[in-house]
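One structure below.
Residue numbers start from 1 in every chain, and the chains themselves are labelled A, B, ... in the order their sequence lines are given, proteins ahead of strands. Quick caveat, the model's predicted, so the values are computed rather than measured.
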Amino acid sequence: MKILAIETSCDETSVSIVEDGTTELANIVLTQMSIHKEYGGVVPEIASRHHVQNITMLIDECLEKSNLKLTDLDAIGVTAGPGLIGALLVGVETAKGLAYSLNIPLIPVHHIAGHIYANNLVRRLEFPLLALVVSGGHTEIILMENDYTFIKLGGTLDDAIGEAFDKVARVLKLPYPGGPEIDKLSKLGTDSYELPTPMDDNSYNFSYSGLKSAVINLVTREISRKNEIRPNDLAKSFSERATSILVKKVIKATKEYDISNIIVAGGVAANTLFRSKIKEACTSNNITISIPPVSYCTDNAAMIGAAAYYAYEKGIIADITLNAKANKKLFKGE
Amino acid sequence: MVVLIIDSTSSILQIGLCNNNKVINKRLDSNSNHSKTALKAIDEVLEEFNLTVSNVDQIIVNVGPGSFTGIRIGVALAKSLGYSLNIPVIPINSLLQNVIGYEQEYLISLIDARHNNCYCAIYDNEYNVVLKEQFMSYDELFDIASKLEGNYLLIGAPDKVDHNVRVANFDIAKIIDYSKSLPIPVIHNVNPLYLKKTAAEIQKEEVAR
């Protein structure tokens with residue numbers, strides 16, 4: 001089954017064709033990062049304007065790259081949320097137009113399900129598993145007993161981890177996007193600043209606002225005392241605190257739920273310190289870990305195409321009234 | 001020849017279909033959530049004529065100015081339908097589309113853009129451009145209008161009613177007729193006409209100054 005997938009939830013316009021949820025036939029990603037960089041963050045209206053301008057061109061390019069015709073497609077998958085509403089709408093309308101005119105199924109995909117299924121493009125998911133979703137909008141531990149079913153064990157109560165990275169980067173006056181910049185600096189630093197460990201309790205919840213505020217207060221205090229800040233050390237100390245708790249809690253969950261597979265998803269999965277920490281912890285606890293390559297950690301349509309295949313198997317199909325949802329839910333009863 | 005017209009640039013969704021010389025149009029009021037309703041409305045007008053989307057030979061899409069999100073809904077739909085059906089998509093701007101069907105020496109087309117501003121253009125009786133499509137304050141526009149030598153009509157968007165301003169027609173036959181004089185771009189180049197920069201861009205330019 002060949003699915004053409006579209007992802008426009010934020011500042012990447014992406015189109016991909018994925019076969020049977022596992023094989024990427026083509027994946028085109030057009031990032032607007034350099035455009036939004038000038039504004040210090042993603043400007044929703046500008047993102048939407050670029051999506052609509054480029055979308056059919058990318059579809060064309062994707063078909064050409066995979067050597068396929070529109071008539072070879074079996075379904076259309078699309079990120080229906082969560083994300084920036086105006087940006088999502090471009091993808092959703094385009095996907096509806098394609099599915100309707102080609103008379104093939106339209107599959108709405110949850111953006112986070114996409115991030116989880118990025119791993120499926122590297123290696124078939126093995127159940128049961130724990131998915132640790134770490135991005136600018138999410139910090140969650142999710143239990144999956146089979147395909148496209150998601151049970152939330154815990155999540156952030158305030159800021160997402162990626163958000164905390166971005167805000168700390170801003171305090172350190174680092175360019176946007178801040179996460180990779182913090183990563184770069186922390187490689188050169190030592191963990192020598194005293195910062196609190198965020199929400200070190202028995203739950204699977206996270207809280208990053210305290211750690212974030214501690215960094216902001218520290219910087220303000222040092223500036224007012226005319227003390228020099230050691231950005232490398234601060235980046236390292238912050239990253240240590242932010243990522244250690246993730247690793248600790250997800251390993252604890254593997255024991256409670258007797259699970260030997262962990263997958264990591266989301267943009268923060270690209271963080272070097274986090275990658276080495278979780279790999280090390282999994283090795284010493286005899287847990288299989290899957291982290292997608294960095295290119296699959298950021299937003300892309302291939303992951304949406306992979307997730308769409310399993311959503312379709314679960315009977316998730318949309319009709320022509322499909323609407324984008326900025327706060328689309330992944331879990332029942334949330 | 002089957003021609004489909006899509007206009008989601010105002011709060012009223014307008015879909016038109018012309019099959020040879022028979023026309024139907026569908027207008028959904030301002031409670032319409034265009035994202036949910038636009039393709040459904042297209043499906044319904046096709047069904048009324050016992051047609052499927054593969055019978056459509058050409059699409060005319062209103063590319064704005066108007067609601068930014070509304071414009072993109074119509075343009076994204078038109079582009080993907082046009083692309084997958086491999087048929088021409090003709091962009092028409094909303095200021096021009098709104099005056100089609102009206103007759104007067106000068107046709108002043110205006111669409112509210114909030115904060116005492118509007119998108120506007122002035123056309124002559126043959127829809128030739130007298131004042132090109134742009135964003136300006138009402139005061140500026142009325143100043144220009146007062147200097148016109150001849151009679152004029154004010155024509156507004158389909159969702160705005162004001163006693164001085166006529167409501168735009170959605171005269172499908174005449175829009176199709178007029179569209180024959182419009183260029184057909186490569187599908188990838190069918191793009192919105194916003195006539196206004198984003199707030200972030202304006203702010204950035206002000207800071208730079």
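When B/T69, B/V75, B/I187, B/N33 are compared by the number of non-hydrogen pairs under 4.5 Å with chain A, B/N33 comes out ahead. Between chain B and the residues A/L322, A/V92, A/D60, A/N103, the largest count of heavy-atom pairs under 4.5 Å involves A/D60. Ranked by heavy-atom pairs under 4.5 Å with chain B, the first of A/I59, A/I55, A/L102 is A/I59.
For B/E47, the CD atom sits in a loose shell: 12 or fewer heavy atoms of surrounding residues, nucleotides or ligands are nearer than 6.0 Å. For B/N116, the CG atom counts as densely surrounded, since its 6.0 Å shell holds more than 12 non-hydrogen atoms of other residues, nucleotides or ligands. For B/Y106, the OH atom sits in a packed shell: over 12 heavy atoms of surrounding residues, nucleotides or ligands are nearer than 6.0 Å. Within a 6.0 Å sphere centred on CD of A/E313, heavy atoms belonging to other residues, nucleotides or ligands number more than 12. More than 12 heavy atoms of other residues, nucleotides or ligands sit less than 6.0 Å from atom CD of B/E44. Counting non-hydrogen atoms of other residues, nucleotides and ligands closer than 6.0 Å to CG of B/D29 gives a total above 12. Other residues, nucleotides and ligands contribute only 12 or fewer heavy atoms inside 6.0 Å of the CG atom of B/N21. Heavy atoms from other residues, nucleotides or ligands lying under 6.0 Å from NZ of B/K26 number more than 12.
Within the 3.5 Å criterion, the main-chain N or O of A/D319 finds no donor-acceptor partner in the side chain of B/K40. Under the 3.5 Å distance criterion, the side-chain polar atoms of B/K204 are left unmatched by any main-chain donor or acceptor of A/Y39.
In this structure, no portion of A/I85 lies under 4.5 Å from any heavy atom of chain B. Of the two parts of A/V43, only the side chain, counted from C-beta on, holds a non-hydrogen atom closer than 4.5 Å to a non-hydrogen atom of chain B. With a threshold of 4.5 angstrom between heavy atoms, A/L63 approaches chain B through side-chain atoms but not through N, CA, C or O. Contacts of B/Q203 with chain A are absent, with no heavy-atom separation under 4.5 Å from either backbone or side chain. Contact annotation for B/I87: neither backbone nor side-chain heavy atoms come within less than 4.5 Å of a heavy atom of chain A.
The distance from the OG atom of A/S101 to the CD1 atom of B/I42 is 10.5 Å, given to the nearest 0.5 Å. The line from OG of B/S80 to CG of A/L98 is 5.0 Å long, rounded to the nearest 0.5 Å. Atom CG of residue B/N189 and atom CE of residue A/M57 lie 7.0 Å apart, to the nearest 0.5 angstrom. In this structure, CD1 in B/I73 is found 5.0 Å from CD in A/E93, a value given to the nearest 0.5 Å. With rounding to the nearest 0.5 angstrom, the CG atom of A/L89 is 11.5 Å from the NE2 atom of B/H34. To the nearest 0.5 Å, atoms OG1 (A/T56) and NE2 (B/H188) are separated by 5.0 Å.
Residues B/Y83 and A/L70 form a side-chain contact, since some pair of their non-hydrogen atoms from C-beta on lies under 4.5 Å apart.
The nearest pair of heavy atoms linking A/I46 to B/A200 is CD1-CB, 4.4 Å. Shortest non-hydrogen contact noted between B/S84 and A/G97 is OG-O, 4.2 Å. Residues A/V52 and B/K79 share a closest heavy-atom pair of O-NZ, 2.8 Å. Between B/S35 and A/N323 the shortest heavy-atom distance is OG-OD1, 2.7 Å.
Each of B/T52, B/L39, B/L77 was checked for a side-chain contact (heavy atoms from CB on, under 4.5 Å) with A/Y100, and the lone residue meeting it is B/L39.
Checked for salt-bridge contact, A/E45 and B/K197 miss the test: no charged N lies under 4.0 Å from a carboxylate O.
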B/T198 and A/R49: CA distance, side-chain angles, deciding distance, side chain to side chain contact (heavy atoms under 4.5 Å, CB included) verdict: CA-CA 10 Å; B/T198 63; A/R49 288 186 178 194; 3.6 Å; yes

